[in-house]
Amino acid sequence: MEACRTKTADLTGALNGAARREEAADILRGLLPGIRLVPDVSGLVIELVGAMAGILALGDADS
C-alpha cells in the first residue's frame, strides 16, 4: 500500500507541476477513458470505466 501512496504523491506532483502537467493528464486520460453518471435513488452515482477504475477498486477492497 505504501507504493500506491508514493505513486499517488508522484502523480499529484506531476499534475501540479507545469512542466509535466500535460503528460500526466494524457496518461490519466488513457487509464480512464470513460466516466458515467448513473441515476440512483439518492441522485447520481459516478462509474469509472477503464484501467484506473480497476486500480481504484483494488484500493477499496483493502479498506
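All values below come from the heavy atoms of this structure, side chains included, with hydrogens, waters and symmetry mates left out. We number each residue from 1, following the sequence as shown.
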Legend entry - Minimum heavy-atom distance between Val49 and Pro33, given as atom pair plus value: O-CD, 3.1 Å
Inset, instruction - List in chain and number order the residues that pass salt bridge (charged side-chain N to carboxylate O under 4.0 Å, His left out) with Asp40, two or more places apart in sequence or in another chain; answer none if no residue qualifies. - result: none
Inset, instruction - Applying salt bridge (charged side-chain N to carboxylate O under 4.0 Å, His left out), name anything that partners Arg21, two or more places apart in sequence or on another chain. - result: none
Legend entry - Student check: side-chain heavy atoms of Ile46 and Ile35 closer than 4.5 Å: yes
Legend entry - Atom CD of Glu47 with >12 non-hydrogen neighbours under 6.0 angstrom: yes
